There are 2 protein chains.
Amino acid sequence: MPVTVLLVDDEPLVRAGLRAVLEAQPDIEVVGEAADGAAVIPLVRRLRPDVVAMDVRMPLMDGIEATRAVLRTVAEPPKILVVTTFEDDEYVYEALRAGADGFLLKRARPAEIVHAVRLVAEGESLLFPASVRRLAVRYGDGARPAPATPPHTRLTEREAEVLRLMARGLSNAEIAARLVVGAETVKSHVSAVLAKLGARDRTQAVIAAYESGFMESG
Amino acid sequence: MPVTVLLVDDEPLVRAGLRAVLEAQPDIEVVGEAADGAAVIPLVRRLRPDVVAMDVRMPLMDGIEATRAVLRTVAEPPKILVVTTFEDDEYVYEALRAGADGFLLKRARPAEIVHAVRLVAEGESLLFPASVRRLAVRYGDGARPAPATPPHTRLTEREAEVLRLMARGLSNAEIAARLVVGAETVKSHVSAVLAKLGARDRTQAVIAAYESGFMESG
DNA sequence: GACCGTCTCCCCCGTGCGGGGGAGGTCCGT
DNA sequence: ACGGACCTCCCCCGCACGGGGGAGACGGTC
């Protein structure tokens, strides 16, 4: 049985592109399309797709809200693959907290897109294997509910600098030497990066840096 | 002053491609070409390039030998950027031990090629910042000289499997659970992977996996 | 002035990681 | 029958890493 996919994106061009890429695969079938998050829930109920490829920015209901809505209201929810651009990286964290199973860059090559759909369909988290649930837990059943003002997820300049060095294989001590700061300072930045990326350790952060295209913008 | 580059590759097509990509940059200048490693030394002496883009497989003298020869005989040697394919990955380790400053896949995108040349020109090791020297030291001044038969650097199936899981952010314990083996077994495989890739820790191994295209072949 | 984000540095603490060994088993090619 | 590669598991050990706190200084904003 093929993997069934529902496309949710306000741009017809993007939907057409995704459809072309995915339908070229014998084991993947696009069963429907929606132009806004607001239309997702009834479609999911009717079509029961395995995977929803969900855009982030949409006019009525964005992908984050739509993800939350689907996971909250549908009995056996589909896997949510958030489709985004690196410019949207501030939403990535939100998407993960909302329960998304992975995210994918629009600039990704066709093979990667196909790969991503297959992976999440198999139940794999595309980017952060365990941290998705970890974050959900941490903010979900904590003493106080999730803060109304979400933590700022956009990396600061310094944090981005640290991540770049991490992703080149430097240790904390080496980064400290390079930036001419104390080792504890680097630890602080690393911790902030891990939190913002939803990564459990530096390896996952580096994976995020590569997968998101962060490493190509330098 | 621009970065000067010497191209060494037996295939004219590859040389032409590299030249086209690099000369498109205002700060990079291709100052010469050679079709075999045997021709490199006099050219390096005459042209004094900042960087040598060195192919691995060449008919008379391969890139590893040529790298050794250049570093051994030239007073202020240029940076050596080994140009290879992932299929040549068994040579990568050798190249690093020979003193190469980085390596680059032929399939890399133009922007990455340019980036690689600039990086090594600036004195950065492209892939393994400290491990290059670390390996050189370990085998260079040890009690016995480097083994005549180089350690097998091609990853075994199991090791490749472990690397793939590492590069998806799994911890040793998670990999052990996934593969249904003991945690110590995973540690053994991880150690083997690190040694073969010349990586200091799992993060550097994951970087290697991404940079080499290993992650796209699955 | 008060506030907030950022960068910097500090404490304690547990543990996952990686290095250094070894060892038994299978399979395969010679 | 033997060596060799591979996979598996075991020991000990040190340390970098990451979590949990806090705190001071600076620069903006309101």
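Just so it is clear, the structure is predicted and the values come from calculations on it, not from any experiment. Chain naming here is simple, since letters A, B, ... match the order of the sequence lines and numbering starts at 1 in each.
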Rounded to the nearest 0.5 Å, how far does OG1 of B/T185 lie from CG of B/N172?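 Separation between the atoms: 11.0 Å.
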
Flag side-chain contact, heavy atom, 4.5 Å: A/L6 against A/V51: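 A/L6 vs A/V51: side chains apart.
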
Side chain of A/N172 (C-beta onward), nearest among D/dC17, D/dT8, C/dG19: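 Nucleotide nearest to A/N172's side chain: D/dC17.
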
Side-chain N or O of B/T156 less than 4.0 angstrom from OP1 or OP2 on D/dC7?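 Yes, B/T156 has a side-chain N/O under 4.0 Å of OP1/OP2 on D/dC7.
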
B/R202 CZ to D/dC15 P, in whole Å, measures 21 Å

What verdict does the side chain to side chain contact (heavy atoms under 4.5 Å, CB included) test give for A/V5 and A/L18, after you've listed the backbone C-alpha separation in whole Å, the side-chain angles of each residue and the deciding distance to 0.1 Å? CA-CA 10 Å; A/V5 183; A/L18 284 172; over 6 Å; no

Give the rounded distance in Å between these two atoms: CG of B/L155 and C1' of D/dC6.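 The answer, rounded to whole Å, is 13 Å.
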
Nearest-Å distance, CG (A/L194) to C1' (D/dA16)?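 To the nearest whole Å, that distance equals 14 Å.
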
Rounded distance in Å - CD (A/E157) to P (C/dG5): 17 Å

Please determine whether any donor N or O and acceptor N or O are separated by less than 3.5 Å between the side chain of A/S188 and the base of C/dC7. no

Going through the distances and angles, do B/R164 and B/E161 end up as a salt bridge (Lys or Arg N to Asp or Glu O under 4.0 Å)? CA-CA 5 Å; B/R164 211 172 294 279; B/E161 211 172 348; over 6 Å; no

What's the CD1-C1' distance between B/I175 and C/dC17, to the nearest Å? 12 Å

Rounded interatomic separation in angstrom, taking CG from B/L179 and P from D/dC9: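 Whole-Å distance recorded here is 10 Å.
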
Has B/R200 got a side-chain N or O lying under 4.0 Å from the OP1 or OP2 atom of C/dG18?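 Indeed not, no polar side-chain atom of B/R200 lies that close.
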
Side-chain N or O of A/R158 closer than 4.0 Å to phosphate OP1/OP2 of C/dT8: yes

Length of the CD-P vector between B/E161 and D/dC6, whole Å: 15 Å

Counting only heavy atoms and a strict 4.0 angstrom limit, can you tell me which residues of residues 180-187 of chain B come near DNA chain D?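 Going residue by residue through residues 180-187 of chain B, the ones with a heavy atom under 4.0 Å of DNA chain D turn out to be B/V181, B/G182, B/E184, B/T185.
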
Taking the side chain as everything from C-beta on, heavy atoms only, tell me whether B/L155 gets closer than 4.5 Å to B/V162.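 Heavy-atom side-chain distance check fails, nothing below 4.5 Å.
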
Could you state the atom-to-atom distance from CD of B/E159 to P of D/dC6 in whole Å?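 From B/E159 CD to D/dC6 P: 7 Å.
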
Would a 4.5 Å heavy-atom cut-off, applied to side chains only, mark A/V52 and A/I80 as touching? yes

Taking 4.0 angstrom as the limit, do B/E184 and B/K187 come out as a salt bridge?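 B/K187 and B/E184: not salt-bridged.
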
